[in-house]
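A short write-up of the structure that comes next.
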Amino acid sequence: MPGRSATHIPDQSGRSAVVTGANSGIGYVTARELARHGASVTLACRSAARGRAAVIRLRAEVPRAQVEFLPLDLADLASVREFAAAYGQRHTALDLLINNAGVMALPYGRTADGFETQLGVNHLGHFALTGLLLPRLRAAAPGARIVNVSSGFHVLGRIDADDADLADVGGEHGYRRWIAYGRSKTANLLFTHELSRRFTAAGSPIIAVAAHPGYASSNLHSGASKLEGSTFISRLAALGDAVLAQPTSSGALPTLHAATAPGVRPDAFIGPRFGWRGAPARSWRAGWTLDDTTGELLWAASEKLTGVSYAALPR
């Protein structure tokens, strides 16, 4: 299967890419390998210091890389709008949008716009970003792709039609961080499903797909285990990373496959062949992530909350 290693990535010369959360982990590897294969890559990161450091590191690893940093805080819709405007001033088209950034199992909190943090960052921030960059993606079509990075943990939290208005999961009291995380990852898959459906209805050649890294060693995973507040859980997680987890370079392969492999179908969910590790392959997903009614309701709520309307993709 194409994409089973980074060496199988097709030539990306002349193509442009935006990778969110690209200063470390899977996002960094994704950006580096796209640049290594010829793409012009924009690293979209919350921290200016870490973003600029990642550009320096990437250029050291790939001397001919065409790479830049632009600030993006997905927890602040004003920052999302500023990023989209800045990107639009620099680039006329966008071939690959990799919605990779995310937070995992955080304590209860709210974004700058008042959204529950995990749903706000993992879904609503990327929903707004995608909509604002859609004109640049349309300018690059055919061949443009959107990759939404979800997780196998989407099974922990579903979005039902009766709560697709995105009300908090239990509110501050009774908040369960892993359920909230799973719900945000379900939202990633429902967004991909509805986006694909609307592209098809509009006759657009843009492809929207989803991916997940399986069990890969990353800052996101280790950070979540520390938040549990248990030395035992932290040590158990560290042991799991050492014994079971794929390296970050392997964890990035499903995303890279989804972004670059020929023949990837719209609304596909790409992950490791064996669920938690292995070469990229079609991945199992919960049936509720393919529900048209919930997808439409989630879309409507997301437009209302973010103020970003996909006028070119009506219902």
Side-chain angles (χ1 to χ4, degrees), residues 1-13 15 17-22 24-39 41 61-62 95-102 104 122 126 130 143-155 185-186 188-193 195-196 199 206-221 240-241 243-287 289-290:
M1 174 177 287
R4 59 184 178 273
S5 73
T7 60
H8 291 82
I9 296 172
D11 181 36
Q12 299 297 301
S13 297
R15 292 169 65 75
V18 167
V19 183
T20 68
S24 65
I26 289 170
Y28 175 80
V29 174
T30 300
R32 183 191 66 199
E33 296 309 316
L34 289 174
R36 191 190 304 279
H37 289 81
V41 184
E61 294 185 60
V62 185
D95 296 279
L96 300 173
L97 173 57
I98 313 297
N99 289 324
N100 161 82
M104 175 188 280
N122 296 350
H126 281 128
T130 303
R145 290 190 193 182
I146 300 162
V147 181
N148 295 317
V149 179
S150 183
S151 167
F153 282 113
H154 76 273
V155 300
K185 297 288 100 179
T186 281
N188 293 152
L189 287 168
L190 277 168
F191 174 42
T192 304
H193 178 68
L195 190 58
S196 295
F199 280 145
I206 301 173
I207 293 176
V209 300
H212 76 92
Y215 187 2
S217 179
S218 73
N219 295 335
L220 186 67
H221 182 264
D241 279 352
V243 177
L244 300 174
Q246 300 187 105
T248 305
S249 56
S250 297
L253 292 181
T255 299
L256 288 164
H257 178 91
T260 67
V264 172
R265 298 177 63 84
D267 200 25
F269 188 30
I270 307 298
R273 182 178 298 278
F274 301 109
W276 56 284
R277 67 185 305 153
R282 290 291 293 269
S283 181
W284 177 88
R285 63 197 286 182
T289 68
L290 296 166

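Any value given below was found using the heavy atoms of this structure, including those in side chains, with hydrogens, waters and symmetry copies removed. All values reported here derive from a predicted model rather than from experimental measurement.
- In this structure, OG1 in T30 is found 7.0 Å from CD1 in I98, a value given to the nearest 0.5 Å.
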Show, in sequence, the C-alpha distance, side-chain angles and deciding distance for I207 and V209, and conclude whether the side chain to side chain contact (heavy atoms under 4.5 Å, CB included) test is met.
CA-CA 6 Å; I207 293 176; V209 300; 3.5 Å; yes
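- For D95, the side chain to side chain donor-acceptor pair (under 3.5 Å) test picks out S16, with sequence neighbours left out.
- Of the N and O atoms on the side chains of T289 and H154, not one donor lies less than 3.5 Å from an acceptor on the other residue.
- At least one donor-acceptor pair under 3.5 Å links the side chain of R15 to the backbone N or O of G143.
- If you take CD1 on I26 and CG on L256, they are separated by 10.0 Å, rounding to the nearest 0.5 Å.
- Residues N99 and V147 are not in side-chain contact: their nearest non-hydrogen atoms beyond the backbone lie 4.5 Å or more apart.
- Of the residues listed (V29, V41, V62), the one engaging L34 in a side-chain contact (heavy atoms from CB on, under 4.5 Å) is V41, and it is the only one.
- In this structure, the side chain of H193 does not engage the main chain of L189 through any donor-acceptor pair within 3.5 Å.
- Side chain of S150 to main chain of K185: a donor-acceptor pair is present (N/O by atom type, distance under 3.5 Å, no hydrogens or angles).
- For N148 and N188, the side-chain atoms include no donor-acceptor pair closer than 3.5 Å.
- With sequence neighbours left out, the salt bridge (Lys or Arg N to Asp or Glu O under 4.0 Å) criterion links R145 to no other residue.
- Residues P254 and P272 meet the side-chain proximity criterion, which asks for heavy atoms closer than 4.5 Å.
- Only one option out of F153, F269, W284 pairs with H212 in a ring-ring contact (aromatic ring centres under 6.0 Å, His included); it is F269.
- Inter-residue side-chain proximity for L96 and Q12 is flagged as met; some heavy-atom pair is nearer than 4.5 Å.
- Judged purely by distance below 3.5 Å, without hydrogens or angles, the side chains of D267 and T192 never pair a donor atom with an acceptor atom.
- A donor-acceptor pair is defined here as one N or O able to donate and one able to accept, closer than 3.5 Å; no such pair exists between the side chain of H257 and the backbone of L253.
- Distance check, rounded to the nearest 0.5 Å: CD of E61 to OH of Y28 gives 3.5 Å.
- Here the OG1 atom belonging to T20 is positioned 7.5 Å from the CG atom belonging to L97, to the nearest 0.5 angstrom.
- The shortest heavy-atom contact between A258 and A210 is CB-O, 4.5 Å.
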Please report the C-alpha distance between T186 and F191 in whole Å, then the side-chain angles of each, then the deciding distance to 0.1 Å, and finally whether the side chain to side chain contact (heavy atoms under 4.5 Å, CB included) criterion is met.
CA-CA 9 Å; T186 281; F191 174 42; over 6 Å; no
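- Put simply, OG on S283 and CZ on R273 are 11.5 Å apart, with the number rounded to the nearest 0.5 Å.
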